[in-house]
Q: 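So that we are looking at the same thing, I have put the structure below in structure tokens.
As the structure lists them, so they are numbered: ligands from 1, and atoms in each ligand from 1.
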Amino acid sequence: MKKTDKAMFFLEQKDMPTKWYNVLPDLPKPLPTVLHPATGKPVTPDDLKKLFPMALIMQEFSPERYIEIPEEVQTAYRLWRPTTLHRAFHLEKALDTPAKIYYKYEGTSPAGSHKPNTAVAQAYYNKLEGIKRISTETGAGQWGSSLAFAGALFGIEIKVYMVSVSYRQKPYRRSMMEAWGAKCVPSPSPDTKVGRDMLAKDPNYSGSLGFAISEAVEDAASREDTHYSLGSVLNHVLMHQTIIGEEARLQMEMAGCYPDIIVGCVGGGSNFAGMFLPFIRDKFSGKKKDLRIIAVEPESCPSLTKGAFAYDFGDVAGLTPLLKMYTLGHDFTPPPVHAGGLRYHGMAPIISHLHNLGLVEARAVPQIATFQAGIQFARTEGILSAPETMHAIRVTIDEALKCRESGEAKTILLAHSGHGHVDMAAYDAYFSGKLEDYAYPEEKVKEALTRLPKVAV
Ligand SMILES: *Cc1c(COP(=O)(O)O)cnc(C)c1O
């Protein structure tokens, strides 16, 4: 076997990075400030104390470039980390492309995606502060199951508000949460005031991620022993995910390669940021100026490609701080497409900012073409990918095909966020011809944006 034939790159556990990378001090322009929803003034750490442990609040605004991963979190990571970097030889061959395709696979975590990378860290810091209970929301159930797993590791009770339509459609994610000891209810639920008000107004409301956030935030704000936890979007969540890119840097070195293009799917943006932030340093510094970073979203929820870059709430009820981000409007109700993890109205402020500065590209892809790409990946590389991940696979294949046209042997690094073993109903829908493309209409975006909060900046 030649050195260049290697298809898997393993890091030993003793070589796992022990620090997260915080991009904030390296940004070419500072991130827009976060505003208080009631006063419109910048939020203070004190404003957030009711919802988050102080350690995470400090991380959210930290000026430190590296943050030490606590021993206990490293120990938890070692249940499945480091994850493997793969060379996609079979896919390359099928595409007849000179491009070299690498993918970093996060599907080997207990919950089957990247999400436990931040779930275990958040559970740990909450435990340190003596918190007994954490409330959260979940869309398709990946985040709820990841936090349920983390709660089991650190002895914290987890309450999950799950978007009602998914609660009914995805019973197995709910069973996973129960197996790890969490309590999961459909949102809207009778357990909160916003939930009860909604049920009185519209008993058939199918829910949205933004609405479930409102319930989880109300739950945490109303109890002393409870904090709230978010699985994406916020700076500290993206930072916890940089373990992916920090490992990938070392593994790409083992492969003797540096990426020309990094591709990932974005819902709130955490898995992709976790991959590309440790590399974008080299774009800032000029060491790899022409590095291309492509964020892929569904046409049905096109926050980066069709949304406005504006201050908006993270939730429907307007309880969360105001974040400057690409948004479709906080009362956006997504169409029921299968990539449940990508149906959020906003986008991480860090990714929004970098896209606005022209440093991160965005692409929206239709649902059927993403499944075609996902199936081609399954039939070459073997992995049954999550419908979310398929978006990134679509663009990876498109870029590799462009290389076939141009004859360029580019190196493409794909952030592979997870497996689709709990999403086989979506595969069924695809194979039985029930999947449809749906592009979110421009007029609906415009209309929702008229309801953005007014801020004086
Ligand atoms: C949740 C999820 C996503 C989207 O979330 P990000 O915060 O954008 O990473 C993508 N892929 C998988 C497999 C997920 O579970």
Q: Heavy atoms only: give me the nearest His391-Cys265 pair and the separation to one decimal.
A: CB-CB, 4.1 Å
Q: Atoms of ligand 1 less than 4.0 Å from Ser417 heavy atoms?
A: 10 (C), 11 (N), 12 (C), 13 (C)
Q: Show the atoms of ligand 1 that are less than 4.0 angstrom away from any heavy atom in Gly269.
A: 6 (P), 7 (O), 8 (O)
Q: Between the side chains of Tyr430 and Gln367, does any donor sit under 3.5 Å from an acceptor?
A: no
Q: If you count every heavy atom of other residues, nucleotides or ligands that lies below 6.0 Å from Met16 atom CE, does the total exceed 12?
A: yes
Q: By number and element, which atoms of ligand 1 are closer than 4.0 Å to a non-hydrogen atom of Glu388?
A: 10 (C), 11 (N), 12 (C)
Q: Nearest protein heavy atom to atom 4 (C) of ligand 1, by residue and atom, and its distance?
A: Gly341 O, 3.4 Å
Q: So which bit of Ala386 gets within less than 4.0 Å of ligand 1, heavy atoms only: side chain, backbone, both or neither?
A: side chain
Q: Hey, is CZ on Phe431 packed in by over 12 heavy atoms from elsewhere, all under 6.0 Å?
A: yes
Q: Only heavy atoms of Gln142, strictly under 4.0 Å: list the atoms of ligand 1 that pass.
A: 14 (C), 15 (O)
Q: For atom 7 (O) of ligand 1, what's the nearest protein heavy atom and its distance?
A: Ser232 OG, 2.5 Å
Q: Just let me know how Lys115 lines up against ligand 1, side chain, backbone, both or neither, with a heavy-atom cut-off below 4.0 Å.
A: side chain
Q: Hey, are the side chains of Leu230 and Thr136 touching, using non-hydrogen atoms and a 4.5 Å cut-off?
A: no
Q: Quick one: does ligand 1 sit under 4.0 Å from the side chain of Val266, the backbone, both or neither, non-hydrogen atoms only?
A: backbone
Q: Does Cys301 reach the side chain of Phe332, with side-chain heavy atoms less than 4.5 Å apart?
A: yes
Q: Hey, is Leu342 touching ligand 1 through its side chain, its backbone, both or neither, going by heavy atoms under 4.0 Å?
A: side chain
Q: I need the contact type for His114 against ligand 1. Using non-hydrogen atoms and a strict under-4.0 Å cut-off, is it side chain, backbone, both or neither?
A: side chain
Q: Between His240 and Leu56, is there a side-chain heavy-atom distance shorter than 4.5 Å?
A: yes
Q: Considering only the protein, which heavy-atom contact is closest to atom 6 (P) of ligand 1, and what is its distance?
A: Ser270 N, 3.4 Å
